[in-house]
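Counting convention: from 1, in listed order, for ligands and their atoms alike. Hydrogens, waters and symmetry mates play no part in the numbers below; they use all other heavy atoms, side chains included.
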Amino acid sequence: MGEKEMISLPVKVRRILRTLRDHGFEAFVVGGCVRDSILGRQPSDWDIATSASPQQVRALFPHTVDTGIAHGTVTVMMDREGFEVTTYRIDGKYSDGRHPDSVEFTPDLAEDLGRRDFTINAMAYSEEDGLIDLFGGREDLDRGLVRCVGSASMRFGEDALRMLRAVRFCAQMGFSLDAEAGEAIRAQASDLKKVSAERIRAELEKLLVSPHPEMLRMAWETGITAVVLPEFDRMMDQVQNGSHHIFSVGEHTLQTMRSIRPDRLLRFVMLFHDMGKPVRAVRTPDGIYHFRGHAADSAVIARQITDRLRFDRATADRCVRLVSVHSLYPEATPEGVRRGAAQTGPDIFGLFLEVKRADIMGQNPAVQGPKLKWLAKVEKIWQEILERGDCLQVRDLAVGGKDLIDDGMPPGPGMGVLLEQLLDEVLADPEKNRRELLLARSRQLRGADSTE
Ligand code: ATP
Ligand code: MG
């Protein structure tokens with residue numbers, strides 16, 4: 001400490017800062033990029049704060065885009081890359097939950113930094129001035145602490161989303177939550193009801209794809225999930241006491257999220273996969289819980305949540321499909337795996353196997369061995385099936401509806417049934433997926449071969 005903090009800025013960022021400064025304005029990189037640089041992480045973007053007004057910024061650069069001019073943000077284009085340059089400002093209330101209702105520009109960097117949520121996000125930097133750290137953000141980075149700028153309860157009162165953001169930053173950086181912030185969240189979590197579904201989804205998503213998705217537990221402990229994801233609280237309350245499980249359903253879920261790669265679809269699938277268990281729980285006299293058929297209930301709940309959090313249709317559909325098939329155990333034979341893939345849909349069978357692995361990794365280590373062996377076999381067979389290009393769906397049969405009509409079959413609902421029957425036979429033996437064989441077999445099945 002003591003010596004000047006050095007952050008290496010990209011050339012284009014330096015050029016923007018220099019241009020602003022050469023014209024007599026103040027200019028700094030601020031927020032996430034300063035935090036990430038100090039942590040030795042690659043910043044996702046470089047935000048610039050300046051004393052220049054949006055109009056002055058536009059006048060200084062040949063290519064700009066008015067991204068959010070009412071909020072003071074102009075995007076400066078350098079070649080094809082855009083950099084957000086925002087005039088120092090003080091925010092009004094965030095009642096739409098997305099942008100502050102009103103912003104006031106200010107000539108004072110300190111005021112701009114003071115409106116920011118957490119100390120680690122409230123630092124500015126320039127080569128000339130070094131690190132500007134008015135709230136102890138540098139020290140909090142060293143201590144691994146997410147702490148509000150100023151009074152936690154006031155800051156959460158201004159914008160309730162900050163409570164979820166606090167946990168998200170903890171999960172991204174492996175940090176802890178400052179005690180005052182934790183207490184304020186426990187008291188104020190219900191304000192999250194006022195925040196739009198889109199903003200909540202965006203933060204939840206960042207939390208889940210972070211290196212510590214299990215820190216969702218922190219959102220549970222502080223009462224955040226009770227408001228935005230009560231289905232999770234039900235899992236934390238559900239004990240399992242089976243031979244396969246040593247944790248509550250909720251702890252098992254956290255474990256499975258850690259065990260799958262940081263992909264947003266897959267992390268959400270793990271979050272949802274057992275949500276039906278509390279609904280299905282049956283306790284036998286020996287104290288063991290069973291959850292027969294829970295995957296279907298989980299899928300219903302997953303659909304409700306993806307609707308509520310306004311997921312895009314494609315992600316929601318894949319998510320729900322994966323949840324609904326997650327407890328299948330295809331037999332580890334070529335036919336068994338083909339039937340498994342036909343059941344899940346071949347497009348998601350590879351993802352299904354990843355879900356399977358993560359689900360096993362969240363179970364009692366004592367029972368993992370045989371399951372992992374089974375999985376390795378299925379994975380190997382699946383690779384061979386892909387390489388051979390075995391037919392796995394009606395669409396891949398060597399005959400289609402049109403061929404059957406040309407062959408004299410009347411169109412109608414019987415057609416689909418017949419194709420399913422042919423697929424069933426081809427799944428058992430891929431050698432049967434040949435046009436002549438299938439046509440002959442279809443005649444036989446519909447009783448049109450009586451003359452032969
Ligand atoms: P990420 O890597 O996720 O982009 P970030 O720190 O850049 O992290 P953003 O959400 O992009 O986070 O916000 C940029 C900066 O704006 C933050 O670092 C913080 O200073 C400030 N900020 C963003 N959202 C809020 C908010 N709701 N309340 C107060 N300050 C905020
Ligand atoms: Mg950012």
Side-chain angles (χ1 to χ4, degrees), residues 7 10 13 28-50 67-68 71-73 75 81-104 109-125 131-138 140-141 146-175 181 184-185 188 191-192 194-196 198-212 224 262 264:
I7 292 178
V13 171
F28 294 87
V29 291
V30 281
C33 62
V34 177
R35 176 197 70 219
D36 291 342
S37 297
I38 295 174
L39 287 173
R41 296 162 176 248
Q42 182 59 42
S44 55
D45 41 34
W46 293 85
D47 292 329
I48 294 164
T50 180
T67 333
H71 301 101
T73 303
T75 298
E81 214 178 333
F83 297 88
E84 291 198 348
V85 177
T86 304
T87 305
Y88 295 162
R89 66 176 207 218
I90 312 169
D91 294 342
K93 264 202 93 62
Y94 287 71
S95 59
D96 74 341
R98 193 180 315 271
H99 294 299
D101 299 343
S102 57
V103 303
E104 223 179 287
L109 173 66
E111 288 194 307
D112 183 84
L113 295 178
R115 75 170 163 93
R116 294 169 187 271
D117 44 9
F118 305 111
T119 61
I120 56 172
N121 287 347
M123 292 182 281
Y125 175 84
L131 187 68
I132 310 290
D133 173 20
L134 308 175
F135 308 102
R138 184 69 189 81
D140 286 340
L141 275 184
V146 173
R147 186 165 63 89
C148 291
V149 172
S151 146
S153 69
M154 273 181 56
R155 304 317 306 278
F156 294 147
E158 290 163 4
D159 178 8
L161 184 72
R162 289 172 186 158
M163 295 187 270
L164 181 52
R165 282 173 62 84
V167 177
R168 182 264 273 198
F169 286 116
C170 287
Q172 284 182 323
M173 295 175 287
F175 279 20
I185 297 176
Q188 291 165 251
D191 288 347
L192 274 160
K194 298 184 242 169
V195 177
S196 76
E198 286 84 355
R199 286 181 91 207
I200 287 176
R201 188 199 55 231
E203 293 297 331
L204 187 60
E205 205 169 292
K206 286 182 179 178
L207 195 173
L208 292 195
V209 301
S210 75
H212 295 285
I224 291 175
R264 80 191 238 283

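- Looking only at heavy atoms of the protein, atom 4 (O) of ligand 1 is closest to Ser44 OG, 3.7 Å.
- Of the protein's heavy atoms, Arg162 NE, 2.7 Å lies nearest to atom 28 (N) of ligand 1.
- At a threshold of 4.0 Å, the pair Asp133-Arg138 does not count as salt-bridged, since none of the basic side-chain nitrogens sits closer than that to a carboxylate oxygen.
- When only interatomic distances are considered, the shortest N/O to N/O separation between Asp47 and ligand 1 does not fall below 3.5 Å.
- Proximity of atom 11 (O) of ligand 1 to the protein is not indicated, since no non-hydrogen protein atom lies closer than 4.0 angstrom.
- Proximity of Asn121 to ligand 1, defined as any heavy-atom pair under 4.0 Å, is shared by backbone and side chain alike.
- With a heavy-atom cut-off of 4.0 Å, Glu158 does not touch ligand 1 at all.
- Taking every non-hydrogen atom of Arg115 and a distance limit under 4.0 Å, the qualifying atoms of ligand 1 come out as 29 (C).
- For Ala110, the side chain to side chain contact (heavy atoms under 4.5 Å, CB included) partners at least two apart in sequence or on another chain are Asp108, Leu134.
- Distance from atom 9 (P) of ligand 1 to its nearest protein heavy atom, with residue and atom name: Arg165 NH2, 4.0 Å.
- Rounded to the nearest 0.5 Å, atoms CZ (Arg162) and CZ (Arg168) are 13.0 Å apart.
- Ligand 1 has at least one atom lying under 4.0 Å from a heavy atom of Arg35.
- Less than 4.0 angstrom separates some heavy atom of Gly31 from each of these atoms of ligand 1: 18 (O).
- The nearest heavy-atom contact from the protein to atom 15 (C) of ligand 1 is Arg116 NH1, 3.8 Å.
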